[in-house]
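For reference, the structure discussed in these notes is given below.
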There are 2 protein chains.
Amino acid sequence: MTSSRATLIQVAQRAGVSLASTSRALHGTGASPAMVERVRAAATELGYSPDAIGRSLRLKKTFQVAFAVADIGNPVYVEMMTAIHEVLAPHGYRVVVMTTGDTTTSTVELVRSLSSGFVDAMILSPLRTDDELVEEIRQAPVPVVVIGRTLADRGIDSVSTDSAGGIGEAVRHLLGLGRRRLVFLNGPLDTTPGEARQRGFDAATRADEFAGERADAVVAADFTVAAGLAATRALLAASDGGARPDAIVAANDLLAIGAIRAVRERGLSVPDDVAVTGMDDTEIGRVFQPSLTSVSLGSTERGRIAAELVVDLVDGDAQAGRHTAVGPRLVVRESTAAAVAAPEASGQHQASDAVGHGATAEAAGRGTR
Amino acid sequence: MTSSRATLIQVAQRAGVSLASTSRALHGTGASPAMVERVRAAATELGYSPDAIGRSLRLKKTFQVAFAVADIGNPVYVEMMTAIHEVLAPHGYRVVVMTTGDTTTSTVELVRSLSSGFVDAMILSPLRTDDELVEEIRQAPVPVVVIGRTLADRGIDSVSTDSAGGIGEAVRHLLGLGRRRLVFLNGPLDTTPGEARQRGFDAATRADEFAGERADAVVAADFTVAAGLAATRALLAASDGGARPDAIVAANDLLAIGAIRAVRERGLSVPDDVAVTGMDDTEIGRVFQPSLTSVSLGSTERGRIAAELVVDLVDGDAQAGRHTAVGPRLVVRESTAAAVAAPEASGQHQASDAVGHGATAEAAGRGTR
DNA sequence: TGGGAAGTTGGAAACGTTTCCAGACACGAC
DNA sequence: GTCGTGTCTGGAAACGTTTCCAACTTCCCA
């Protein structure tokens with residue numbers, strides 16, 4: 001009913017007391033019970049609610065945290081964002097989503113924009129990192145927590161994972177299953193994940209335990225199903241005469257799904273003829289048939305930890321420069337499971353319990369509306 | 001290098017001119033070239049960048065828009081958010097993500113919180129709507145655009161779709177393919193989507209063209225793969241002796257995937273024996289094998305339109321109360337496609353071109369990092 | 001009864017910005 | 001030479017809040 005929003009001054013006038021007392025009364029600090037009573041009455045009467053901007057100006061605090069990534073639609077980032085929001089909201093912080101763009105220069109630009117002071121901190125997960133960006137982060141006027149590379153040595157809070165090691169886990173898993181002719185299906189090498197995962201594969205296949213086995217790598221044009229399909233088709237066509245791979249390690253779940261399609265196209269079975277692993281442990285992989293063995297990089301946990309670091313920095317008295325690593329975790333599902341006698345002639349596997357429980361249950365209610 | 005952020009006052013002092021002139025010079029309004037030159041120099045020298053809070057206080061404008069939904073991890077909402085961000089960012093607006101909670105009362109609470117003035121507008125997609133919520137939205141101190149129910153008659157901007165009509169499209173598509181024994185696989189009826197879609201199925205199967213055919217409905221516990229699997233298993237077991245359905249209309253993509261699993265479990269083929277349709281046209285459905293015929297409800301477009309409405313309301317001089325409906329759009333894929341001779345004995349379909357192009361291509365680079 | 005302490009209150013400043021208003025100045029026209 | 005017009009500049013107010021500081025009251029104890 002009140003035409004416009006009521007201000008503290010109006011509440012003070014209505015209560016017939018000073019502005020200072022009004023503020024104190026509403027905060028319950030050093031005000032007599034009578035005063036509190038009186039001011040509260042006036043406040044509710046006018047439907048007063050404090051103005052966030054005025055408050056921020058005075059307190060030099062926005063109660064906002066930015067979350068910046070290259071692509072806010074990427075399921076991995078969505079998981080992070082959800083976790084970040086869950087941690088920050090109870091502490092009274094709002095989450096502002098931002099995009100970094102693809103390049104480090106646009107990311108530098110974004111970090112620089114922090115100087116206008118619209119957030120109290122930023123959680124940043126850059127696609128690529130260079131010295132200029134690191135320097136910009138160091139000089140940022142508010143704390144920046146980086147999800148990605150370890151930057152503790154530069155005095156920057158960071159949360160990292162070990163995707164290279166994760167690829168290693170996938171490789172060892174396949175070796176343990178008796179697979180001997182591995183192919184690594186990677187995405188573009190000039191990306192941070194592509195580079196790291198390649199390094200992981202190279203390291204794992206140079207290890208002693210792998211001595212004497214065959215390991216090849218192919219590079220898909222993109223981290224997509226289509227690219228994985230195309231690259232695997234080419235791979236299988238080329239290796240037709242020679243020794244066909246009996247396992248494919250894909251650099252992410254979408255590539256893995258593309259690979260599975262290509263394998264099946266040739267009348268081969270997954271996992272009997274070719275086992276396939278993915279990475280990121282996305283819902284798509286969990287739901288796919290066969291459900292995907294995948295290396296989880298703990299996106300949710302990384303988001304959660306980054307948010308907790310932010311809270312410590314902003315509310316608490318923590319010093320910047322801490323670092324947490326979230327270990328990769330292999331989740332074994334049908335795409336590498338020991339062969340099971342299929343009920344039908346080919347290809348079809350029993351729907352495993354893996355789907356619809358555990359991880360998938362988190363997604364209850366999703367996908368509609 | 002500057003210890004703290006420079007303020008406009010400091011720039012003014014440095015330039016040796018008044019505060020007012022400094023502000024004008026930086027905005028290029030009514031200042032002499034010499035003044036502009038002088039102030040610019042001082043500003044860059046000090047690394048000045050305007051304070052967002054001070055600016056907001058004076059201008060009564062936050063350059064922020066809230067996007068509020070029940071579950072920010074839901075792919076449908078993620079699509080909306082991405083579109084909203086894409087529209088708003090070029091206009092200089094930041095996006096703040098918020099959660100409504102499951103109930104209308106918590107949603108009312110959220111809308112009420114707008115009175116602290118931390119955003120210039122809100123885009124709200126509530127799970128449920130009641131009169132109290134509508135009233136609260138009407139009285140909100142900033143424009144609220146609703147994605148969901150049509151509320152133009154209440155003077156509220158809204159963007160809706162027609163999920164009931166979408167179910168109708170799916171039904172007619174299946175009838176056109178010669179399917180005659182349809183089952184509707186719905187989620188909980190006490191949700192807005194569940195209720196609307198049920199209405200759509202009932203209407204479609206009461207239509208003339210459907211006269212004489214069989215139509216049943218089953219309700220899954222949830223809008224999830226697991227619930228769809230369980231419900232369809234029960235359905236198929238019950239109809240074993242009698243006439244088995246030859247088509248399943250699922251209320252969303254996850255239910256549809258569950259249904260496909262259950263159908264295959266019994267050694268039946270999709271789409272040959274049972275055709276299946278989903279709804280929401282999610283990436284999961286596009287990637288699944290068989291790729292899913294699904295009714296798109298245009299999440300991206302609804303988000304885009306809502307954001308454009310916001311821009312008109314906040315930057316322009318638009319009046320509240322407009323309404324846009326985004327029509328449902330059936331996307332036909334393998335799960336209902338005319339049967340194709342499979343290369344192997346059973347079940348396997350050729351990977352169709354549908355995957356990896358068009359819709360999937362949007363997702364380039366996703367799913368990793 | 002005087003005085004200090006403790007508790008309450010109001011005035012005023014401050015946060016950083018934009019903009020109204022009035023004054024100063026230059027310039028051209030009469 | 002004067003006046004009017006137009007351009008530019010600076011002072012000051014305003015946005016809404018919190019908090020420092022001083023002043024006032026009350027109360028208790030010496």
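Atom set for the values below is all heavy atoms of this structure, side chains included, hydrogens, waters and symmetry mates excluded. Per chain, numbering begins at 1; letters A, B, ... match sequence-line order.
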Practice item. Given side-chain hydrogen bond (donor to acceptor under 3.5 Å, both in side chains), test Ser158(A) with Ser160(A) step by step and report yes or no. Key: CA-CA 6 Å; Ser158(A) 56; Ser160(A) 71; over 6 Å; no

Exercise for review: Would you please test Thr107(B) and Thr104(B) for side-chain hydrogen bond (donor to acceptor under 3.5 Å, both in side chains) and show each step?
Suggested key: CA-CA 5 Å; Thr107(B) 308; Thr104(B) 56; over 6 Å; no

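The side-chain heavy atoms of Asp71(A) and Thr99(A), taken from C-beta on, include no pair separated by under 4.5 Å.
Sorted by first and then second residue, the pairs that involve residues 11-35 of chain B and meet salt bridge (charged side-chain N to carboxylate O under 4.0 Å, His left out), not counting sequence neighbours, are Arg14(B)-Glu45(B). For residues 88-114 of chain A, the salt bridge (charged side-chain N to carboxylate O under 4.0 Å, His left out) pairs, not counting sequence neighbours, are Arg112(A)-Glu136(A). Here salt bridge (charged side-chain N to carboxylate O under 4.0 Å, His left out) pairs that include residues 76-91 of chain B, with residues two or more places apart or in two chains, number zero.
If you measure from atom CZ of Phe63(A) to atom P of dT17(D), you get 14 Å, rounded to the nearest angstrom. Atoms CE (Met35(B)) and C1' (dC25(C)) sit 14 Å apart, rounded to a whole Å.
Near DNA chain D, defined here as any heavy-atom distance below 4.0 Å, the residues from residues 20-28 of chain A are Ala20(A), Ser23(A), Arg24(A), His27(A), listed numerically.
Judged as a salt bridge (charged side-chain N to carboxylate O under 4.0 Å, His left out), and not counting sequence neighbours, the contacts of Glu308(A) are Arg304(A).
Atom CE of residue Met80(B) and atom CG of residue Asn74(B) lie 8.5 Å apart, to the nearest 0.5 angstrom.
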Enumerate all atom pairs, one protein N or O and one N or O from nucleotides 13-16 of chain D, separated by less than 3.5 Å.
| residue | atom | partner | partner atom | Å |
| --- | --- | --- | --- | --- |
| dC15(D) | O3' | Lys60(B) | NZ | 3.2 |
| dC15(D) | O2 | Arg58(B) | N | 3.4 |
| dG16(D) | OP1 | Lys60(B) | NZ | 3.1 |
| dG16(D) | N2 | Gly54(A) | O | 3.3 |

